[in-house]
Every structure is written in C-alpha cells, then in structure tokens.
Amino acid sequence: MLKDLFKPKPKYVTIRRPEERGIQPGQPEKKELPDGLWVKCNNCRQIIYHKDLEANLKVCPKCNYHFRLRAGERIAYLFDAGSVQESNSGLISKNPLGFPEYEEKVEKARKRTGLNEGVITGVAKVKNIPCVFSVMDFGFMGGSMGSVVGEKISRAFEYAAEHNLPVVSVTAGGGGARMQEGIISLMQMAKTCQALNRLQEKGIFYLSILTDPTMGGVFASFASLGDVVIAEPGALIGFAGPRVIEQTIRQTLPPGFQRSEFLLEHGIIDLIVERKNLRETVARLLRFHQRDQVGKEEVSKDA
Amino acid sequence: MRNEDSYSMDFEKPLRELERQIKEIELFAKEKEIDMSEEIARLQAKEEALKKKIYSELTRWQKVQIARHPKRPTFLEFVAMIFTDFLELHGDRLFRDDPAMIGGLAYLDGIPVTVVGQQKGRDTKENIYRNFGMPHPEGYRKALRLMKQAAKFKRPIITLIDVVGAYPGIEAEERGQGEAVARSIMEMAALETPIIAVITGEGGSGGALGIGVGDRVLMLEHAYYSVISPEGCASILWKNAAEAPQAVEALRVTAEDLLELQVIDEIIPEPLGGAHHDPEKTAQIIKEALIRHLTPLLEYTGERLLAERYEKYRKIGVFEEIESDQESTGE
Ligand SMILES: [Zn+2]
C-alpha cells in the first residue's frame with residue numbers, strides 16, 4: 001500500500017531485497033565495528049566483548065559512550081518488530097553538477113551500506129503507536145543531504161501531513177548539505193523545512209532526534225525544528241564545524257563544545273535521552289500527542 | 001581605497017597596466033605641453049575593448065573575486081539607491097541588535113516594503129563592528145521578526161543577500177545558529193506576502209538561504225551562491241584552501257550556473273567592470289528588476305503565492321527513481 005502513497009515511479013527495476021539492505025528489525029548490522037570479537041571503545045579505550053556491546057545497544061558498558069549506529073540498527077532498536085514499512089527506497093542520486101568522482105563515491109557508499117541513499121524513510125510503530133519515520137545513516141557519505149535525502153524526507157513529511165501521522169526523525173548528518181550536489185543540496189534545506197509547515201498547519205507532532213553527528217545543513221534545517229528535540233548523550237551537534245570555528249576565532253574550543261550537554265545547557269534541545277531509554281521516551285511523547293483522527297485507524301492497520 | 005589597492009584581481013592586471021600607461025602619457029604631455037590626445041584616445045579605446053573582452057570571458061573564480069571586491073556596493077548603499085525613505089528597525093527582542101543584519105521599512109517605487117539584508121563594512125573598523133557581515137543567530141531572528149511583521153501588514157519583502165556565511169563562532173553556536181537559520185527558512189516559506197530575494201554579492205550557504213527563500217530569486221551577474229565556501233570545498237577535496245579556483249569550477253556557483261540549474265529566476269546584468277564601477281547604474285537595474293517581478297506578485301492571492309512558492313522549492317532535486325522489491329510486493 002505504501003507504493004501509491006508517494007509520487008509515481010516511472011521506472012521499474014529490481015533492486016536488492018530489503019533483508020539484504022539490512023533494515024529488518026531484530027537483525028542489527030555489525031559493519032560499524034571492526035571485525036572480530038573484541039572492540040575498543042572510542043572514548044575510554046577499554047576493550048569490550050563484541051557481544052556485550054551488541055547486547056547493550058552499542059553503548060559502552062564501561063563509560064556509556066554511545067557508538068554510532070547504522071540506520072538499520074537504529075530502526076531495529078527504535079521501532080516495533082515487524083511494523084516497519086520502508087518507502088521510496090528506489091530513489092537514486094545522480095550527478096547534477098558533474099562533480100568529480102561523485103558517482104564513484106555514491107557507488108562505494110551503496111556497496112558499503114547496502115542502502116541506495118543516506119536516509120531510510122517509511123512508516124512504523126513505536127509500542128504500537130504508528131508514525132512516519134526518517135532515519136539517516138552516517139555511513140552513507142557522512143549522512144550528508146543531497147537531492148535524494150531531501151526528497152525522501154520531504155515526501156515523508158508530506159505523507160505524514162496527508163495521513164495525520166506523527167513524525168519521528170533521527171538525524172546523523174555530519175557533513176550537512178552534500179557538497180557534491182552544490183546549490184541543489186543547499187536547496188534541500190528549503191525543501192525539507194517548508195514541508196514542515198504542513199505539519200504545523202495540521203497540528204501534527206514532529207519529533208527530532210539528533211545523534212552523533214548532526215551538523216551544518218542538516219542541523220540548520222529540519223533537524224533543529226522538532227516540536228520536541230532530543231539528543232543522545234555526547235553527540236556532536238552544531239551549525240559550523242569545530243575546525244571551521246577554531247580557524248575563524250583562532251582559539252581552542254572549550255571541552256564539551258557542541259556536544260549534547262552543551263546544547264541542553266544553552267536551551268537548544270529539550271532532552272538528552274540515553275539509548276536504552278530512547279524507545280520508551282519516544283513512545284511517551286507519541287502518546288502525549290495522540291489524537292483521535294479520521295484515517296488514523298485505517299493507516300495503522302495497513303502499516 | 002586602501003582596501004581596493006590591496007585587493008588583487010589578477011585578471012585585471014593588463015587593464016591596470018594600460019591605465020598606468022595612459023596616466024604616464026597624460027603627465028608627460030602636460031609636462032612637455034604637447035598634444036598627445038590621439039595616442040591617449042587610442043589607448044583608452046584599447047583599454048575599453050580589453051575590458052569588454054576580459055569581462056566576457058570571466059572564469060567562475062574571477063566572478064567570485066568580483067563578488068568579494070571590497071568596493072562592491074553594500075546593503076545600505078544599495079538600499080539608499082534603490083528605495084526611498086528607508087527607516088531602519090532594530091533588534092530581535094531577545095538578545096541584542098545584530099549590526100551584521102539590517103532590516104527596515106522603505107518604499108520601492110512608492111510601494112511600502114520591508115527590506116532585509118546582511119551588511120558588510122567598508123573599512124576595517126566598520127568591518128569589525130559589522131562582523132564582516134556575518135550574522136549571529138540574533139541577526140536571523142531580527143530578520144525573521146521583521147519579515148513576519150511585513151506579512152502581518154501584507155507588505156512585500158525584499159532581501160538583499162551578501163554574506164560569506166552565518167558566523168561560525170562559539171557564541172553563535174551557544175545561541176543556536178542552526179535553529180535560527182532553520183526557523184527563518186521554514187517560516188519564510190509560509191509568509192503570506194510576496195518575497196523577492198536578490199543575491200548581490202556573496203551567497204554563502206545557509207547564511208544566505210536564511211533570508212533567501214522567496215517567490216523570485218534574482219542574482220547579480222557577478223554574484224556567487226554556494227553550498228560551501230570555495231575555500232572550504234578545496235580544503236575537503238584537495239586539503240588545500242588555495243585550490244578554491246578549481247573548487248568553484250566543480251561547485252558551479254555563478255549566476256549563469258544557477259539559472260541553468262533552475263535555482264534562480266533571473267540574472268541581473270552589471271555594468272562593465274562589475275557593480276563597483278557604477279553602483280548607481282547597478283542599483284537602477286536592480287530596481288527595475290524588482291518592480292518588474294513584484295508587480296504581478298502583488299496581484300496573487302495569498303494561497304496562490306504560497307502554493308507556487310512551495311512548488312518552486314519542492315521541485316528542486318535531481319535523482320532517478322527505480323522500483324524496489326519491497327514496494328512492489330503489494331501488487
Ligand atoms: Zn567506553
């Protein structure tokens with residue numbers, strides 16, 4: 001049923017099956033970590049048994065460092081098993097500027113991640129509450145936003161507005177707008193932001209979850225505009241990159257600068273939520289915003 | 001003037017050389033009291049022809065250099081020449097008044113409008129005061145406050161954009177630069193009044209787009225508009241900011257590029273040698289374009305305005321769409 005939700009699809013080509021693309025809940029991927037049984041924590045440098053890390057939602061049991069997640073893992077951790085329906089997975093980037101080596105970079109990212117692009121969108125449930133979701137994958141060109149990411153997120157917002165469904169967005173866009181698509185990617189900021197006005201008009205809840213890292217054009221557009229904005233602990237979040245700031249002001253940055261805790265202290269986000277509590281918190285927030293609405297019942301049955 | 005002398009546009013060197021020769025001959029003629037007007041006229045004609053040639057063959061990087069020229073007209077100078085009775089309004093009502101972002105009321109050909117734009121300095125002292133035209137979050141919040149006010153009174157909004165980027169600094173991050181830019185972008189898309197944005201100089205990424213969402217987006221001939229600074233792109237691609245001239249070739253940042261990519265609606269021509277050679281004439285050309293674009297927009301209903309604005313941005317994006325297994329299983 002998802003296929004007729006969004007725009008018509010002119011071409012019909014078979015691509016890899018969803019399970020190969022690793023978005024099936026309950027089967028978290030392991031690519032982010034080095035192969036082998038033992039993993040070194042990026043923060044405390046302690047050696048962790050791989051299975052322990054997996055069992056702990058990829059949070060270091062010793063220092064609480066939150067490892068970056070692949071989009072598939074995030075979806076598996078966040079949404080009800082069996083509730084996830086992906087949409088618009090067949091959108092593929094082109095090279096509008098003829099930017100050097102862009103196609104190769106995209107191809108590499110596709111191979112490495114098993115995804116067609118840097119965001120997975122669709123409908124899912126959290127503790128049985130239906131929502132539209134978009135989850136970015138940092139592993140796909142740094143989670144940067146080009147045409148496809150902008151389009152998929154815009155379609156997700158539009159779909160949510162049309163069907164009165166709340167939106168749960170998880171960002172991990174370290175690169176911000178995707179440089180290789182130049183001005184076209186800058187315009188994705190406008191495209192995604194303006195779609196949020198449709199949620200605004202209809203009083204639809206939009207939850208933005210910022211994970212490590214959410215920077216630049218992703219942060220300076222839809223990511224920072226949630227009705228509620230949550231961050232995972234210790235995530236790097238900001239407008240300008242730390243190196244750019246350092247070069248501009250010629251000072252070293254204070255410790256903890258642009259981390260979630262810094263943003264909370266300065267009133268930029270609502271909450272910091274540890275990964276182990278994230279699903280519960282999302283469910284609570286969705287529950288707070290649940291309304292009786294025509295069409296909702298039907299959609300949740302379909303999804 | 002000090003600024004201009006130290007600002008090098010290498011491609012103009014042959015022109016500078018000719019100018020120097022002309023001056024020398026003039027001085028010589030005066031000293032010796034001989035008539036060399038024929039020779040001078042010949043050199044001046046040569047200079048003019050060379051200038052035309054140079055300016056018809058500008059590379060992208062050369063355009064960036066013109067866009068950044070220290071004598072390029074700034075926001076306040078343009079406002080004084082394009083509009084009448086400008087009344088600056090200050091402050092974001094939250095933190096402070098940001099001198100890098102200016103807004104106020106004015107008349108465009110008798111029509112009351114709200115004008116907003118970044119303000120660069122003319123000299124070092126003013127540049128420090130204006131933070132080199134790089135707004136903090138309060139700048140974007142002031143701009144948005146004034147634009148929402150404009151929408152309340154159904155006053156059209158004109159934004160003049162010239163910014164290297166929203167300020168990357170500690171305090172800017174503390175006060176939510178990303179949120180300020182994002183909110184301005186989102187709300188501009190929904191303001192029920194005509195908006196025309198003109199990129200007059202530098203269109204520096206989110207710092208430009210933060211006041212750049214409009215029904216019409218126009219761009220001066222030698223302005224540039226880019227997702228990332230040319231130097232930043234070069235640093236990422238080649239680990240060397242000095243490769244910026246190559247970076248702008250890849251990024252395609254000129255008015256011509258953007259027209260071709262259907263991101264802007266029109267290129268506003270500049271006088272020969274760039275806007276700084278004839279600010280008054282540049283302003284008149286901008287004014288004419290603004291009136292021409294605004295006039296039909298004034299007749300639009302709010303609904304049509306917003307629908308078309310939405311569509312304008314909605315269709316930007318280049319991708320292909322293939323069917324996936326998962327989506328076809330429902331058939
Ligand atoms: Zn650790």
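The sequence lines fix the lettering, A, B, ..., with proteins before strands; numbering per chain opens at 1.
- In this structure, the portion of B:I228 lying under 4.5 Å from any heavy atom of chain A is its side chain and not its backbone.
- Most heavy-atom pairs under 4.5 Å with chain A, from the set B:L251, B:D257, B:I236: that is B:L251.
- When each of A:I92, A:N88, A:V148 is paired with B:E321, the side chain to side chain contact (heavy atoms under 4.5 Å, CB included) condition holds for A:N88 and for no other.
- Contact of B:V263 with chain A is made through the side chain alone, with heavy-atom distances under 4.5 Å.
- In this structure, B:K315 does not pair ionically with A:E151, as no charged nitrogen and carboxylate oxygen lie closer than 4.0 Å.
- Considering only heavy-atom pairs separated by less than 4.5 Å from chain A, the leading option among B:S226, B:A190, B:A182 is B:A182.
- Using a 4.5 Å cut-off between heavy atoms, A:L91 contacts chain B through both its backbone and its side chain.
- Both the backbone and the side chain of B:A166 come within contact range of chain A, each with at least one heavy atom under 4.5 Å from a heavy atom of that chain.
- Residue B:L258 touches chain A through its side chain alone, counting heavy-atom pairs closer than 4.5 Å.
- The choice from B:S184, B:C233, B:S235 that makes the most heavy-atom pairs within less than 4.5 Å of chain A is B:C233.
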Applying side-chain contact (heavy atoms from CB on, under 4.5 Å), run through A:F239 and B:E179 and close with a yes or a no. CA-CA 8 Å; A:F239 175 74; B:E179 191 270 348; over 6 Å; no
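- The residue among B:V213, B:L209, B:V253 with the most heavy atom pairs within less than 4.5 Å of chain A is B:L209.
- Here B:G169 is the residue among B:G212, B:G169, B:S229, B:G206 with the most heavy-atom pairs under 4.5 Å with chain A.
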